[in-house]
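Read the structure below first, then the notes.
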Amino acid sequence: MKRFVSVCVFLFALSALAPTRAEVLPDQIAREVTDQIVKLIKANREAYARDYKKLYAMVDEHILPHFDFRKMAQQVLGPTWRSAAEEQRARFTAEFRELLVRTYGTALLKYTNEEIVYLPLKIAPNDPTATVKSQIRRSDGEPPIAINYSFYRRDAVWKIYDMAIEGPSIVTTYQRVYAERLQKEGLDALIANLAQANRRALAAGSAKAEAAK
């Protein structure tokens with residue numbers, strides 16, 4: 001569980017700050033945004049713990065704009081995306097986005113001061129994609145956690161479209177999770193199940209906030 005928490009922290013920390021210069025390389029973005037998200041967590045940990053709506057709002061404002069969730073959703077659905085109507089694509093992308101918020105957002109609250117080290121970035125000037133390789137050095141003495149972030153360049157801005165944690169990437173993992181459901185139930189049923197789970201999570205966060213008042 002501790003490994004999961006650490007990974008989740010840096011998944012979101014990586015994307016928290018939008019580049020303001022003409023172009024900032026992915027590894028530089030990674031270094032800068034980690035500091036920003038850690039400051040937010042430390043400054044607002046109690047408020048986020050009392051009210052998950054505030055936590056989710058922080059994730060939505062500072063993190064999610066720097067992921068390309070449509071590209072991620074397209075890869076997750078694979079052939080189903082090509083046959084889906086645009087309205088279905090939009091609904092799935094929105095619910096998948098919320099899924100990642102509720103899955104990883106609360107893990108930020110358990111952040112401890114693990115050290116993160118970035119390996120040298122290997123990229124040519126005109127490369128359209130890049131992989132940022134990093135290691136999280138754990139405070140318990142266990143082996144470091146290797147994490148690779150996949151970026152692509154869009155209009156001189158680098159966007160995250162996948163990541164891998166010592167094995168299968170997020171996209172690959174959800175492809176496997178949803179493949180059987182899509183085959184048995186179809187896309188509309190999958191979207192409905194995701195929406196229901198997201199509503200339950202939001203309601204639970206609201207109830208937690210009310211109980212803390």
Side-chain angles (χ1 to χ4, degrees), residues 1 4-5 7-16 18 37 48 51-110 129 147-155 157-210:
M1 182 62 183
F4 175 78
V5 169
V7 167
C8 293
V9 168
F10 288 103
L11 163 68
F12 286 113
L14 179 66
S15 58
I37 200 68
Y48 295 154
D51 188 350
Y52 282 6
K53 282 187 177 181
K54 293 181 180 179
L55 174 64
Y56 296 159
M58 182 273 289
V59 172
D60 189 74
E61 178 182 359
H62 295 280
I63 296 170
L64 300 190
H66 309 294
F67 278 81
D68 189 336
F69 281 99
R70 184 176 174 89
K71 187 176 181 69
M72 294 177 74
Q74 180 178 359
Q75 294 180 101
V76 167
L77 291 183
T80 302
W81 179 274
R82 292 193 292 272
S83 61
E86 181 56 34
E87 180 267 343
Q88 290 176 306
R89 294 173 177 177
R91 286 193 293 126
F92 177 79
T93 300
E95 297 300 341
F96 183 68
R97 183 178 186 271
E98 290 302 312
L99 166 68
L100 294 186
V101 172
R102 69 179 179 82
T103 301
Y104 295 110
T106 53
L108 296 173
L109 298 177
K110 300 179 181 179
T129 62
I147 308 178
N148 295 338
Y149 304 93
S150 298
F151 284 80
Y152 81 100
R153 185 192 280 118
R154 186 177 72 184
D155 298 329
V157 175
W158 289 93
K159 293 280 187 177
I160 300 168
Y161 69 93
D162 201 2
M163 67 172 290
I165 307 165
E166 296 188 326
S169 72
I170 287 179
V171 166
T172 299
T173 298
Y174 280 106
Q175 281 176 336
R176 293 173 180 172
V177 170
Y178 294 152
E180 186 175 356
R181 297 183 190 177
L182 286 167
Q183 185 176 13
K184 290 182 177 180
E185 304 172 5
L187 181 55
D188 284 330
L190 174 60
I191 295 170
N193 289 337
L194 280 173
Q196 184 179 34
N198 286 332
R199 287 195 298 270
R200 284 199 303 264
L202 183 59
S206 299
K208 181 181 178 68
E210 288 297 323

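Note that this is a predicted model, so its numbers are computed, not measured. Every heavy atom of this structure was used, including side-chain atoms; hydrogens, water molecules and symmetry mates were not.
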### Message
As a quick check of understanding, evaluate side-chain contact (heavy atoms from CB on, under 4.5 Å) for Gln75 and Tyr161, giving each step before the final call.
### Response
CA-CA 9 Å; Gln75 294 180 101; Tyr161 69 93; 3.6 Å; yes
### Query
Do Asp155 side-chain atoms and Val157 backbone N/O form a donor-acceptor pair below 3.5 Å?
no
### Query
Should we count NZ of Lys54 as having more than 12 external heavy atoms under 6.0 Å?
no
### Summary
Heavy-atom closest pair (Gln88 atom, Ile191 atom, distance to 0.1 Å) is O-CD1, 3.6 Å
### Task
Let me see the working for Leu182 and Leu187 under side-chain contact (heavy atoms from CB on, under 4.5 Å), right down to the final yes or no.
CA-CA 6 Å; Leu182 286 167; Leu187 181 55; 4.0 Å; yes
### Message
Tell me if a side-chain donor or acceptor on Asp60 pairs with a main-chain N or O of Tyr56 at a distance below 3.5 Å.
### Response
no
### Spacing of OG1 belonging to Thr80 relative to CD belonging to Gln183, to within rounding of 0.5 Å
9.5 Å
### Query
Closest approach of Asp51 and Lys53, non-hydrogen atoms and distance?
OD1-N, 2.9 Å
### Query
Given Asp68 and Met72, is the side-chain contact (heavy atoms from CB on, under 4.5 Å) satisfied, shown in steps?
CA-CA 6 Å; Asp68 189 336; Met72 294 177 74; 5.6 Å; no
### Query
Taking C-beta and beyond as the side chain, do Gln175 and Pro168 meet within less than 4.5 Å on heavy atoms?
no
### Heavy-atom side-chain proximity of Asn193 to Glu185 below 4.5 angstrom
yes
### Query
Roughly how far apart are Phe92 CZ and Asp188 CG, rounded to 0.5 Å?
12.0 Å
### Task
Give, for atom CG of Asp162 and atom OG1 of Thr172, the distance between the pair rounded to the nearest 0.5 Å.
6.0 Å
### Query
Could you give all pairs that pass the salt bridge (charged side-chain N to carboxylate O under 4.0 Å, His left out) test and reach residues 69-78, with sequence neighbours left out?
Arg70-Glu86
### Task
Specify the closest pair of heavy atoms between Ala84 and Arg89, including all atoms of both residues, with the distance to one decimal.
O-NE, 3.5 Å
### Message
On a heavy-atom basis, which atom in Thr129 and which in Tyr152 lie closest, and how many Å separate them?
### Response
CG2-CB, 4.0 Å
### pair Trp81-Thr93: side-chain heavy atoms closer than 4.5 Å
yes
#### Entry: Atom pair CD1 (Ile160) and CD1 (Ile170), whose distance is rounded to the nearest 0.5 Å
9.5 Å
### Task
Start with the C-alpha distance between Arg82 and Leu77, add both sets of side-chain angles, then the distance that settles side-chain contact (heavy atoms from CB on, under 4.5 Å), and finish with yes or no.
CA-CA 9 Å; Arg82 292 193 292 272; Leu77 291 183; over 6 Å; no
### Message
Under a 4.0 Å threshold between the charged nitrogen and the carboxylate oxygen, would Glu95 count as salt-bridged to Arg91?
### Response
no
### Task
With sequence neighbours excluded, give me every ring-ring contact (aromatic ring centres under 6.0 Å, His included) pair touching residues 176-204.
Tyr174-Tyr178
